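Every value quoted in this text rests on a predicted model; they were computed, and no experiment measured them. Throughout, residue positions are numbered sequentially from 1 according to the sequence presented. Whatever order the structure lists them in is the order used to number ligands and atoms, beginning at 1. Computation of the quantities below employed the complete heavy-atom set of this structure, encompassing side-chain atoms and omitting hydrogens, waters and symmetry-equivalent molecules.
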Amino acid sequence: MSRSVRVRFAPSPTGKLHVGNVRAALWNWLFARKSGGEFMLRIDDTDQVRSTKEFEAGIHHDLEWLGLNHDLTASQSSRFGVYDEVADQLRSAGLLYACYETAEELDRKRKLQRARSLPPVYDRAGLGYSEEEIKAFKAEGRKPHWRFKLSQTPVKWHDLIRGETVVDTASVSDPVLIRADGQYLYTLPSCIDDLDFDISHVIRGEDHVTNTAVQIEVFQALAKMRKGAVPPEFAHHSLLIGADGEGLSKRLGSLSIEAMRDDGLEPQAITSLLAKLGTADPVTAQNQLRPLIEGFDFSKMGRAPARFDNEELITLNGKLLHEKPYAEIASRVEPLGGNEDLWLAIRANINRVSDVKTWIDIVSGEIKPLIEDGEFTQQAAQCVPEGALNAESWGVFVADVKEKTGAKGKHLFMPLRKALTGLSHGPEMGPIFALIGRDKAIARLQGQVS
Ligand code: GLU
């Protein structure tokens with residue numbers, strides 16, 4: 001029987017979620033939903049100094065806003081007892097060993113290795129201390145940090161995106177699992193949790209590939225100690241780069257989900273883009289997650305870095321709005337002072353919901369008309385139909401202006417648009433004209449601020 005799917009998104013609450021890590025969250029979520037499996041939100045808060053409750057609340061809020069609901073959640077900070085037990089077992093098995101070097105000493109070792117053209121791999125001095133040396137370190141008040149003893153052999157796995165992957169752990173330093181101050185680094189708790197929560201697949205960025213080789217060795221050690229524990233399969237996706245081809249890390253502040261929400265972007269624009277960036281599929285505006293779930297497929301994921309372009313996101317956002325029925329947006333348009341007629345009149349011309357306000361101001365507030373040929377617009381003012389303006393009024397009005405002035409095409413429409421809205425671009429004028437209303441239309445054509 002094949003294993004049921006359970007994946008996890010495992011952010012550290014030491015910062016805000018951004019497009020890079022949300023892409024990993026989304027892909028995990030899409031895979032879980034497509035496979036009828038479960039999506040776990042795991043809070044990797046072993047770093048008790050940098051982790052905050054505010055960042056954690058932000059992660060929950062962002063995922064909820066994006067529609068990426070989770071089926072189970074856990075925090076690493078509540079599991080230190082479990083990690084301590086496993087660490088003891090690893091010590092007894094001779095796989096976790098104490099090292100006493102300071103950061104400066106390690107740095108010096110690496111420099112020496114480089115000077116001799118050797119790879120800067122830890123020399124395993126910690127495995128060879130004499131009892132006297134250990135006593136001396138302790139007498140100095142040094143506390144050990146703890147390293148995992150790698151096999152120093154090639155570790156192979158079938159990566160669901162990269163295919164056959166091999167990393168020789170002989171070229172990797174034995175990883176520090178526990179720091180001298182007792183803090184667990186990410187490597188060990190993550191493996192313990194993946195086993196304990198029966199995670200079937202780990203989907204994450206390719207910056208973790210070397211780490212995966214290390215973790216596979218940790219998994220192998222743990223699986224021997226934890227009966228029935230089955231390590232996950234792996235899929236490493238390519239990373240995002242900016243439109244300029246540079247890495248995203250420097251701009252992550254402005255690429256946070258919170259910043260995008262504040263900028264008025266729709267969650268569906270973000271999910272539509274991130275689901276497809278770096279895959280063989282085209283990016284299209286999807287108002288629902290369902291089609292993204294159906295289209296999810298590891299075999300479509302490319303190995304090349306994927307370009308994230310904020311402009312593309314804004315364009316997608318516009319496309320989503322252009323088709324949004326009023327019922328879905330009323331609760332956001334009405335507080336701005338808008339209504340259904342206004343929404344239907346302008347939705348094809350806005351990129352953000354906040355642009356609604358601009359158009360409310362144009363149709364019901366005061367604008368300064370843009371007039372180049374006063375005689376023409378004065379004549380037009382006399383053509384505004386009698387009574388309340390409606391859907392047909394614009395056609396009647398324009399035909400009349402055309403007849404009276406002889407103006408045609410652009411020379412007919414542009415001066416009318418500029419006088420009536422104060423802008424040279426915007427939505428189709430028919431509905432806008434009706435929303436502006438007769439009195440304002442006449443006043444504006446006559447050049448009055450109105
Ligand atoms: N907390 C880890 C990170 O943010 C999780 C990586 C993983 O998915 O295993 O890098």
Side-chain angles (χ1 to χ4, degrees), residues 5-32 37-53 55-56 58-60 62-63 68 70 72-80 83 148 155 157 159-162 165 167 172 175-179 183-219 222 229-240 247-249 252 255-257 274 278 298 301:
V5 167
R6 184 184 274 176
V7 291
R8 86 294 195 280
F9 173 51
S12 299
T14 54
K16 292 176 186 168
L17 290 188
H18 52 75
V19 284
N21 43 28
V22 160
R23 182 161 167 254
L26 178 62
W27 284 15
N28 275 284
W29 188 88
L30 292 173
F31 178 58
E38 289 176 308
F39 175 72
M40 174 178 194
L41 171 61
R42 190 181 82 200
I43 302 295
D44 281 6
D45 53 356
T46 53
D47 184 340
Q48 298 274 278
V49 177
R50 289 174 59 230
S51 299
T52 72
K53 284 287 162 199
F55 285 134
E56 189 176 329
I59 290 168
H60 277 271
D62 288 347
L63 292 178
L68 309 183
H70 57 262
L72 65 162
T73 182
S75 292
Q76 294 194 321
S77 58
S78 65
R79 292 177 41 81
F80 287 129
Y83 308 149
F148 180 78
V155 174
W157 72 93
D159 194 285
L160 293 165
I161 297 174
R162 301 164 61 88
T165 306
V167 174
V172 184
V176 177
L177 299 189
I178 309 171
R179 294 196 327 192
Q183 188 193 306
Y184 283 93
L185 293 172
Y186 147 82
T187 311
L188 179 63
S190 182
C191 290
I192 298 174
D193 290 352
D194 286 342
L195 291 181
D196 284 0
F197 291 102
D198 200 17
I199 297 300
S200 61
H201 297 78
V202 168
I203 306 168
R204 59 187 179 189
E206 65 180 16
D207 48 335
H208 279 287
V209 167
T210 305
N211 187 26
T212 291
V214 167
Q215 289 192 315
I216 285 176
E217 293 208 356
V218 175
F219 277 127
L222 299 184
V230 186
E233 288 187 64
F234 289 91
H236 292 90
H237 56 75
S238 66
L239 300 181
L240 293 181
L248 289 183
S249 56
L252 287 180
L255 297 176
S256 73
I257 300 306
L274 294 182
F298 285 121
M301 282 156 196

**OP:** Just say parallel, tilted or perpendicular for the rings of Phe80 and Tyr184, cut-offs at 30° and 60°.
**Re:** parallel
Original post:
Going by the order shown, which atoms of ligand 1 are within less than 4.0 Å of some heavy atom of Arg204?
Top reply: 7 (C), 8 (O), 9 (O)
Original post:
Which residue holds the protein heavy atom closest to atom 8 (O) of ligand 1, what is that atom called, and what is the gap in Å?
Top reply: Arg8 NH1, 2.7 Å
Subject >> ligand 1 atoms in contact with His208 (distance to a heavy atom under 4.0 Å) >> reply: 6 (C), 10 (O)
Subject >> Sidechain N-carboxylate O distance under 4.0 Å for Arg8, Asp193 >> reply: no
**OP:** State plainly whether the residues Asp62 and Lys16 are in salt-bridge range, i.e. N to O under 4.0 Å.
**Re:** no
**OP:** Could you tell me which atoms of ligand 1, counted from 1 in the order shown, lie closer than 4.0 angstrom to a heavy atom of Ser12?
**Re:** 1 (N)
Subject >> Side-chain touch Arg204/Asn211, heavy atoms, less than 4.5 angstrom >> reply: yes
Subject >> Minimum-distance protein heavy atom relative to atom 7 (C) of ligand 1 >> reply: Tyr186 OH, 3.1 Å
Original post:
Of all heavy-atom pairs between Arg162 and Thr165, which one has the smallest distance, and what is that distance?
Top reply: CB-OG1, 3.8 Å
Original post:
Aromatic rings Phe298 and His201: how do their planes relate, parallel, tilted or perpendicular, breaks at 30° and 60°?
Top reply: parallel
**OP:** For Asp44, counting its heavy atoms only, list the atoms of ligand 1 lying under 4.0 Å from any of them.
**Re:** 1 (N), 2 (C), 5 (C)
**OP:** Find all atoms of ligand 1 within a distance of less than 4.0 Å from any non-hydrogen atom belonging to Ala10, and give their numbers and elements.
**Re:** 1 (N), 2 (C), 3 (C), 4 (O), 5 (C)
